[in-house]
Amino acid sequence: MSVIGLLQDAIVGFNVFVLGYFLALNTIYLILFLLSLFEVLRFVRRTFFSDYRQIMQSEMTWPISVLIPARDEEKTIVETVRSLLMINYGEFEVIVVNDGSGDATLRRLADAYELRRTDRPYRRVLPTGHVRGIYGSLAHPNLHVVDKEHGGKADALNAGINLARYPLFCSIDADSVIEDNALLRVVKPFMERPEETVAAGGIVRIVNGCEVREGRVTRVALPDRALPILQVVEYLRAFLTGRVGWSNLQSLLIISGAFGIYRKREVLEIGGYTHDTDTEDLDLVVRLHEHMRRAKRRYRVVFVPDPVCWTECPETLAVLARQRNRWHRGLLQTLWIHKRMFLNPRYGSVGLFAFPYFAVFELLGPFVETFGYVAVVVSYVLGILDVPFFLMFVAVAFLYGTFLSIAAILLEEISFRRYPGWTDIAKLLAYGILENFGYRQLLSAMKVKAFWDAIRRRRAWGRMQRRGFRSEAVSASR
Amino acid sequence: MRGALVVAIVLVALSFLALTASILLGKAWRELRDKRRRRRRRALEPLVLDYAHGGQVSILAALGGGVTAGDEPVVQAILLDHVQRVRGVERDRLRRAFDELGLVDRYVVGLSSPRWWRRAEAAEHLGLAGAARAAPRLAAALEDDVPEVRLRAAKALGAVGGRTAVAPLLRALAAPNRWSTIRIADVLADMGPKVLEELQDAFPSLAAHAKLAALDIIARIHPVESVPWLLARLSDGGPDVRARAAHALGVIGAPDASPSLRAALVDPEWPVRAMAAKALGRIHDVESIPGLRAALMDRDWWVRANAAVALRRLGPSGIDALEGALADEDPYARHQACLMLEEAGVLDRRVAQLVAPGSAGVAAEWVVARFVESGLTGRLREIAATQADERVRLEVARLLGAPAAAESAR
Amino acid sequence: MAAAKRILVAEDDPVTRRFVVSLLEECGYEVLVAEDGEHAVATAISVRPDLLVSDLVMPYRDGYEVLRAIRNDPRVAGLPVLILSMRDREEDIVRGFEQGADEYVVKPFNARELVARVRKLLEPRRS
């Protein structure tokens with residue numbers, strides 16, 4: 001056998017492997033999609049009348065502490081807090097954690113809400129950076145502000161948890177725009193199964209292009225530029241078809257940092273948020289899973305298939321790259337720290353489904369994909385591959401994926417219909433197709449880079465600095 | 001092989017296109033339908049409202065004799081929307097309209113639909129339509145397999161069933177699902193005083209969490225007639241029952257409950273003590289002050305906090321008691337008193353009085369000195385930096401024993 | 001013949017709004033609407049109605065803030081205000097009156113009662 005022949009066989013073998021990979025990946029997406037479809041339709045049917053008024057007025061609804069870590073938010077913090085104080089919910093408190101802002105964030109708050117220093121007990125259950133003071137508001141007895149030295153988002157959240165006095169807490173990004181009924185919707189799983197539910201999240205939408213006034217979305221619209229629209233499609237797919245499915249399998253690993261409700265007791269048990277990774281929200285949920293499974297306690301982490309929160313997404317490639325780099329690094333760090341859960345039956349569906357999925361398709365996947373595309377095209381051009389195989393590859397890698405993108409958009413159309421216009425649907429469908437021809441491949445390449453970055457930085461773990469707590473999108477535009 | 005592959009791909013693509021097209025067509029159809037409905041609503045709603053306000057004798061007359069098939073969903077939506085938002089004569093008229101238009105019969109039939117969401121919807125509508133004659137059917141629906149149907153039937157029954165509804169609802173109260181307990185409790189609470197007798201009778205045989213829900217229901221109805229019964233509950237074996245009973249007594253605010261609540265201040269279980277303290281704050285009985293003052297030293301934080309709030313609510317004598325507690329031996333009591341006096345604005349008042357002549361100034365100085373001793377000086381320092389009156393600032397600084405440095409960390 | 005009294009209705013729920021408007025128009029009043037708190041304050045100041053019927057939970061400015069804004073503005077400080085709200089807890093009602101409301105009606109409301117209270121606020125008391 002000649003070397004060329006061996007090489008050819010190897011390349012063909014690799015190509016077959018890549019084909020198999022895409023087949024597997026997209027089939028998993030398909031399964032998740034079907035699970036989600038079922039769940040979303042069932043959900044929409046169950047809530048055709050709003051029970052929410054009842055939850056809101058009932059005295060037996062659990063009160064919630066809403067935590068907002070903030071740094072250098074002077075322009076918008078007053079509006080954000082105002083809209084939160086008016087949120088539809090019975091009993092709740094709002095705790096703003098000023099994480100060492102360099103600007104006038106605290107002063108703006110103090111002026112707008114008549115803050116006075118209070119000696120309210122702050123129990124240092126979770127260790128945090130130095131707390132300079134705690135303020136209460138004369139006009140709004142349920143608003144408090146924790147002023148502390150800069151310590152990062154995880155640190156700020158822990159400080160908020162220390163002050164929080166209710167059994168549930170909700171973590172919100174300072175630039176999230178929360179829907180009016182968001183708390184009611186995401187607290188419902190806690191009310192339905194109070195002993196089991198430890199964490200819940202909802203669907204996050206992209207706010208670019210929408211009209212926002214005083215912390216409320218007044219008009220829903222798609223962004224103008226291509227990159228944000230691609231992300232809208234991506235989020236639809238990821239949330240509507242991905243997370244709902246995972247939640248159904250009891251393997252949900254991510255609750256968005258933009259909005260999530262957690263039970264304080266369990267979070268305290270695991271020591272609150274940590275600085276070990278770049279994505280403290282993912283890290284928290286994975287640790288919750290680990291802890292509850294080890295303790296063999298019945299629990300659930302729920303995803304409510306209901307849009308609850310709007311967040312800003314990057315408008316330029318550079319910012320997008322930074323954001324995805326951080327996300328992927330955080331994912332890899334988390335997977336590595338908790339590698340003992342991998343294929344470990346002790347951790348149930350999380351260890352047996354979610355972890356392997358992430359290991360194969362998120363860890364190795366980007367490599368397979370990036371090199372796979374190149375390999376297949378080169379092979380075809382060099383005549384090593386024949387047309388049927390190439391066709392199958394195109395079908396599996398591109399068309400299958402397109403099918404799923406379109407399916408997600410259609411699911412959105414028959415369930416929530418947040419994008420009512422015809423041009424919106426047309427745009428979404430068009431970009432749903434486009435997404436698979438370039439955007440996804442780009443994201444894969446970013447993930448490959450993130451992998452190398454994570455490896456190189458492994459020596460230098462510690463506090464990961466981030467500018468503010470916003471998505472990089474906004475910090476770049478300042 | 002290549003041909004088969006191409007055919008397969010084309011077939012899948014085509015079927016997918018068909019799916020997309022059908023959904024888009026569905027969207028177009030729905031949009032046209034909604035537009036039409038909005039138009040019809042604008043035309044019909046004033047007519048229905050005119051009937052509701054009493055301008056017409058019957059809904060059919062108001063709508064010009066009859067309703068076309070196309071208009072029926074619109075009229076139904078109008079009726080459903082408005083009937084929930086009003087009470088009294090207008091609501092009765094709107095409810096009659098459901099019957100007149102034959103909608104009640106339709107809903108009753110819907111209760112037997114094979115699809116659960118239709119049954120649930122029918123039950124909900126029957127409740128809104130106030131269809132008393134459907135009560136037996138709704139009671140039967142309380143045994144439905146699907147929990148959502150059961151809950152909506154419960155709600156409907158609460159709206160129309162009168163006293164016959166109470167027994168089946170109480171049975172449903174025992175469901176393990178907390179959410180359903182909440183909703184049924186809401187339904188019962190909305191029914192008002194008529195549920196009390198049966199609730200109290202059924203109480204001993206209720207499950208544990210249903211008992212607590214029952215007590216919360218009574219608290220929400222807050223009937224004075226239930227006070228004796230609630231007082232008896234204060235001796236119940238279960239601490240949660242005692243605690244909720246104390247809470248309910250506080251909500252009612254009946255003065256005759258005061259002696260028993262004072263006794264509950266020394267209950268062995270802290271939730272009972274905490275609720276008793278809270279309740280006493282709502283019953284303005286000066287005799288409670290010594291007991292509450294003692295409760296400031298309780299080893300449980302909630303009890304201390306509630307006692308402090310209660311003292312504050314008892315007016316000037318309560319505030320006096322709090323100020324007296326500033327010199328208490330027990331550090332917890334001192335701490336709690338400081339916090340409450342701060343919150344109540346008393347500290348600010350006393351600081352302003354520091355420069356007043358005579359006994360007022362002396363008393364003020366004593367109070368401020370106690371704060372300094374206790375170490376709770378955060379607010380004091382803030383005042384030291386921001387007080388308008390120069391003399392007062394100097395006084396505070398002196399008492400703090402530190403230079404009047406502006407500690408503005410802002 | 002005196003000019004019809006003008007009532008401003010501030011309510012974000014369109015169904016309730018339509019009901020209240022039709023009810024008050026039936027009684028012979030001229031009715032204006034505002035869909036949120038900010039709009040309510042602006043309209044009250046520019047139009048100077050004879051009565052404001054306001055919800056508590058509204059976008060942009062809630063009912064308490066509307067009340068405060070009106071009571072602090074000398075042009076409309078004397079405007080009678082009737083609060084129409086779902087909040088029926090003791091604290092809410094007390095707070096409503098403390099902030100300067102003249103009447104407080106709880107939703108779901110009795111239409112006759114609402115009209116009677118509106119009349120009381122609009123027609124001068126005979127001594």
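Chain naming here is simple, since letters A, B, ... match the order of the sequence lines and numbering starts at 1 in each. On a predicted model such as this, the values are computed, not experimentally measured, just so you know.
Residues P108(C) and R87(B) approach most closely at O-NH1, 3.0 Å, considering heavy atoms. Across every non-hydrogen atom of G88(B) and N110(C), the tightest pair is CA-ND2, 3.7 Å.
Counting heavy atoms from C-beta on, the side chains of V15(C) and Q84(B) never come closer than 4.5 Å.
Atom CD of E90(C) has 12 or fewer heavy atoms from other residues, nucleotides or ligands within 6.0 Å.
Aromatic ring pairs are classed by plane angle as parallel below 30°, tilted from 30° to 60° and perpendicular above 60°; the pair F19(C) and H82(B) is tilted.
Using a cutoff of 4.0 Å between basic side-chain nitrogens and carboxylate oxygens, R85(B) and D13(C) are scored as salt-bridged.
Here the CG-CG distance, from L23(C) to D50(B), works out to 11.5 Å after rounding to the nearest 0.5 Å.
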